[in-house]
Structures are given as structure tokens and as C-alpha cells.
Amino acid sequence: MCALPSTSPDLSCRIAGVRLRSPLVLASGIWGTSPSLLVRAARSGAGAVTAKTCTPEPRRGHRNPSAVDWGHGLLNAMGLPNPGAEEEVSLLRTAAKALAPLGVPLIASISADTVKDFGAAAALVAQAEPSLIEVNISCPNVQAEHGEMFASSARSAAAVTAAVKASTSIPCIVKLSPNVPDIAAIARAVVAEGADAITAINTMPGMLVDAESGMPVLANRSGGISGAALKPIALRCVHEIAAAVSVPIIGTGGVLTGTDAVEMISAGAACVGVGTAIVGRGAEAFSFILEELTVWLRERGYASLDQIRGRTQRPCSPSVTNRPPIPGTHVS
Amino acid sequence: MSGAPREAACQHVAARIVEKTQENARTVMLALDAALECIPGQFAMLWLPGVDEKPFSIAGADPLSFAISRVGPFSERVHALEPGDRIWIRGPFGAGFSAAPGRALLVGGGYGAAPLAFLARALLACGGKVDAALGARGVGDLLFVKRFRDLGAAVHVATEDGSAGMRGRVTDVVRPLLRAGGIDRLHACGPEAMLDALASLCTETGTPAELSYEAYMRCGVGICGSCEHNERLVCRDGPVFTIPTGHASGS
């Protein structure tokens, strides 16, 4: 075994001018219901934390079962339970105050039924002065009430982005859905309207059926797939978005280990969302992933995340294609 | 909680009710034909497809049992089930009680006694001695008095209306027991106000304690945050928390 360099690799990164000391971002919907849990994620090693999505009016959310661990990740349909944007402002204020000494930026998250209400929700949460605002146009579990999600088309995604940008000067991150034929086109459309960053991706719609009863397991029937099963879908989306736009991407979906984080950053992500990892690895998931990421980089002599970012964008070299050896040639 | 990513799923299992016992005016004990590897203090989700799913303390492992008190529409539906009917379970979830030798005082408030007879059996099996203090509004709400007596535990009872045992709150019978000394640890489950009062008493008397909290739970796996209590997740860090450290029990 060779000795490892004594210096730790630089794990810091930036989203829209906001510096993150670690590339791990607590994903929206996980723990974001209370300031104290956001602080817990920050203490565990998150570089930024995203609050639970709030909507203009309070929502109770769906009945149980609302989240099921099916062995390859989680299927959930919480239904965006939240106290409403007005109440959220005071929660965000408390959270921002508690996070400031830790040097961990707070990301507010908003959703709404109409383009206009997205703007209003953005203006409301901006009062709490979060570092960033994530615009959730891609929750798969509220379609029945909202009709088609805004992330479904470039035109509606762009309209929401424009409304939010007109309502606040706080940088905004638009969270996209994998459930579209061309996610790069949606990314280009939101960036054209001023999106400062992109979170890719939200959960993928799915359903579980209980064989004995013949009933869908979730009370909402369908839900969003997260965790291990989502990773290949997320990697493809991040790769395609990174090729299409130059804003930073929070690569989210199935990051459970340090190696998963390496893969996501290699696909072009600026930083990495973490959520479902907490189910399997507990509250310390962030510190485990950070440690694994640090060791991985150090063992290979990388000094910063910049050195591995976007490696999937390189053209495929002929030497790594799957060509059969030419008969008669010597293979060493 | 482990550092390694977990592979095991926790999906629903359809179980059949093999026995239904009336425990008090509004509580039935359901014994099921399914098995769960679990310890006292852990909980499971009970699901009736198309109705709802709620968390319940595990009241026994062999047979797998749940004490269900009628408190709302879901428990109403569960009460309507009979032996032979099916109910779906998933679990176990959460951190349970730890079992150690010595003299333990088990304190149950109302239907909070649900996991404590299971715990008493575990404590007795590892050579411990058990006292039980059970409190309720009235005699009809007392749970497991006979079960504890049958196990050979010394049972102390308090009811708010004086219809059984001492008139007053369960903390009124616990206070002199703790102050007299000789109790090595206290395990309790019940309403938050009772647990908070017990926490003060245990701190005052230097008695190690494990307290099981109830909370509104959604996901059950520690991500949604619905059950947060004093910065901790009841479904994952708890439901059993230790006093005075405030950390989850070692199990």
C-alpha cells in the first residue's frame, strides 16, 4: 500500500455564487419539516439543506401508507404536506438563523398550482432570505389535483421560471422531472428564462401492488421512486443536462455512497442531492458519504471535485469500445 | 443504525388473526399467525388495504400480538375484525427497550401499557425482577393488570376517578417507589405529560430510565420528519429514549 497524500481533497463547490463546504445537499422532502432536523443534517455533513416544499395554502398530505421501502429504494407519496408558505416563512427564518453559524446555506422549496402562485410563493419565502430558492415543478404525487406537472413541457417550465425570477432576486434552482422525453430541452428552456441552477431529478412515478389484496400499496396508489432504483435514471438525466446547459446541477437520485457521489459528479453535477440514503444509513448518512468520497478522491490523487466533474462528457475512446480482438494480433 | 447501505426491504406481509381477546372496555389483543424478529418497544405498521395504515407497539412476539385501543376510525375497523380475518403488517421499526437484570419498574399510562407485558417477559427471562405501575382515567381503561399479576409482578394501580387502586395519577404511585430506592431502572410508555413527569422524577432520584414516546408517524423510516420530538425522530431514533442522556436506547 502506498502512503496517501496528507492533504484532504477540496470538497467545496458553488451553486449560483453560493459556496458549499461539502457537495452534499439535503434533498427536499427529507427532514425539511423542522429547523432542528435541517440543523441535524448540516451537523452530519450536508453542505446545504433544502426545506420541505411549501405551497401557498397548507396541505395535509396523503393518507398512509405514504412511504414504502421495497428493497431497491423507496416509493413515496407524502402529498407535499406542509403548513403553507406564510407559516413556512417563520420556519425558514428560524432555520436560517440556526444554520448561519454552521456555514450551511438554506434552500427554500416552493410549489404551486398556477404560474402566478409560484411567483407569489417565491416572493413570500424570499422574506426569510434563504440563500437559494428551489422551484419544485416536478412532484409526481400531486398531479391528480394539479393536472399535468409544470416540468412536463418546456413552455410551462419556462413560464414558472420567469414568474419566480420576476418575483425575487434570490437565485433560483429549478427541479426537473425525469418523466419527460427530452429533459435537456426542458433544462434549456428554464435556463433561457434565468434559472440559476437545476436540480435533477425529482422522483420517477411508480406503483407497488400488494399481491395478497391486489391493491396498490400506497394510499395515493402511485408514488415517486427514489433511492437505488433511481440512480441510473438520474445519471442519464444529469449527463444530458450538463451537455445542454452551463448552470450548476444538483445531481439527485440514488446517491447512497461516496462512489455514487463520484458517479453523479462525473456525469456533470456540481453537487449531489442526498435523501433516501438516510433510510438505509441513518442520520449519519452525510458523514459516511463524505468520508467515502474523500477516501476515493485521495486514493486516486484527485485534489478537488473539479478534476472529476463532467468526465462522462468526454468522447468515447476507441480503446474502450467493445470491439473483439483482431485474429492474429498479440494482446498484451 | 449501520454504516453499510441496507438491502433488506420492509414490505407488507398479510397476516391472519388467530385470537382476539378483550383486554378492557376499549382494547382488544390480536394474536397473528405471522412472525417478526423484534424486541419490546419496537413498533409495526398495521394496514387495512383501502382504509389506512397506523403504527402500533408490538405487544408480544410469540405469538405476534398487538393491543388495539378504539380511538378513531382505523382502530374501529380493526376492532370489527375477527379470528380468520386478515390484517397486513410491516416492521419492526424503531429502537426498543433494553432488557437487563435487576429490579425494573414498568410504568404504563392508559393504552401506553401495550408494549410493557412483552417487556416484562423479556426482563424476567434475563433474571430481572418486575414491578408494574399502571394508571388510567378509570378502571375500564386500565390495561394488562391481570397479565402482569399472572407474570408474578408486583402491580401498583392508580386511577384518576378512584375506581381502582389509588385515586390520582400513576406518577403518584411511582414517586414513593423511586424515593424508597431499590429500583434499578424505569421503563415507561404513555402520554407525553406522564413521560415528562417521570423524566423529572428519574432525574431527581438518579434512576436510569427508558421512555417510549408516541408521535404522529407517516413514513416510519425516518425521512419525512412528521414524528419529530425535541429534535429527534420518534420513528427512527426512538420511540424509546433514555434518560438522562436523551439518546436512543442501545437496541
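Protein chains get the first letters and strands the later ones, always in sequence-line order, with residue 1 at the start of each. Below, each value reflects all heavy atoms present in this structure, side chains not excepted, and no hydrogens, waters or symmetry copies.
Looking at B/Arg90 and A/Asp210, no side-chain N of the basic residue comes within less than 4.0 Å of a carboxylate O on the acidic one, giving no salt bridge. Residues A/Glu212 and B/Arg86 are paired through a salt bridge, judged by an N-O separation under 4.0 Å between the basic side chain and the carboxylate.
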(request) Show your working on side-chain contact (heavy atoms from CB on, under 4.5 Å) between A/Met78 and B/Ile223 and close with a plain yes or no. (result) CA-CA 11 Å; A/Met78 304 305 297; B/Ile223 58 159; over 6 Å; no

(message) Go through it in stages, so that I can follow the logic: the residues are B/His12 and A/Val68, the test is side-chain contact (heavy atoms from CB on, under 4.5 Å), and I'd like the CA-CA distance, side-chain angles, deciding distance and then a yes or no.
(response) CA-CA 9 Å; B/His12 294 97; A/Val68 175; 4.2 Å; yes

(request) Walk me through it: do A/Ile278 and B/Val221 pass the test side-chain contact (heavy atoms from CB on, under 4.5 Å)? (result) CA-CA 9 Å; A/Ile278 291 171; B/Val221 291; over 6 Å; no

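No more than 12 heavy atoms of other residues, nucleotides or ligands lie within 6.0 Å of CD in B/Glu37, so this atom counts as exposed by the packing criterion. Annotation for B/Glu204: atom CD counts as buried by contact number, over 12 foreign heavy atoms lying within 6.0 Å. Residue-environment remark: OH (B/Tyr111) stays at or below the threshold of 12 foreign heavy atoms within 6.0 Å.
Here the closest heavy-atom approach between residue A/Arg40 and residue B/Arg232 is recorded as NH1-CA, 3.9 Å. Taking both residues in full, the closest heavy atoms of A/Ser66 and B/Cys219 are given as OG-N, 4.4 Å, listed atom of the first, atom of the second, then distance. Taking each heavy atom of A/Trp31 and B/Gly222 in turn, the nearest pair found is NE1-O, 2.7 Å. Scanning all heavy atoms of the two residues, the minimum distance from B/Trp47 to A/Pro216 falls at CZ2-O, 3.7 Å.
Counting heavy-atom pairs closer than 4.5 Å to chain A, the top residue among B/Pro49, B/Ala14, B/Gly220 is B/Pro49. Ranked by non-hydrogen atom pairs under 4.5 Å with chain B, the options A/Ala285, A/Ala277, A/Pro65, A/Ser213 are led by A/Pro65.
B/Val13 does not touch chain A: none of its heavy atoms, backbone or side chain, sits under 4.5 Å away. Of the atoms belonging to A/Val39, not a single heavy atom falls under 4.5 Å from chain B.
Side-chain atoms of A/Asn64 come within 3.5 Å of backbone N or O of B/Arg218 as a donor-acceptor pair.
Side-chain contact between A/Ser36 and B/Glu228 is present, with heavy atoms from C-beta onward closer than 4.5 Å.
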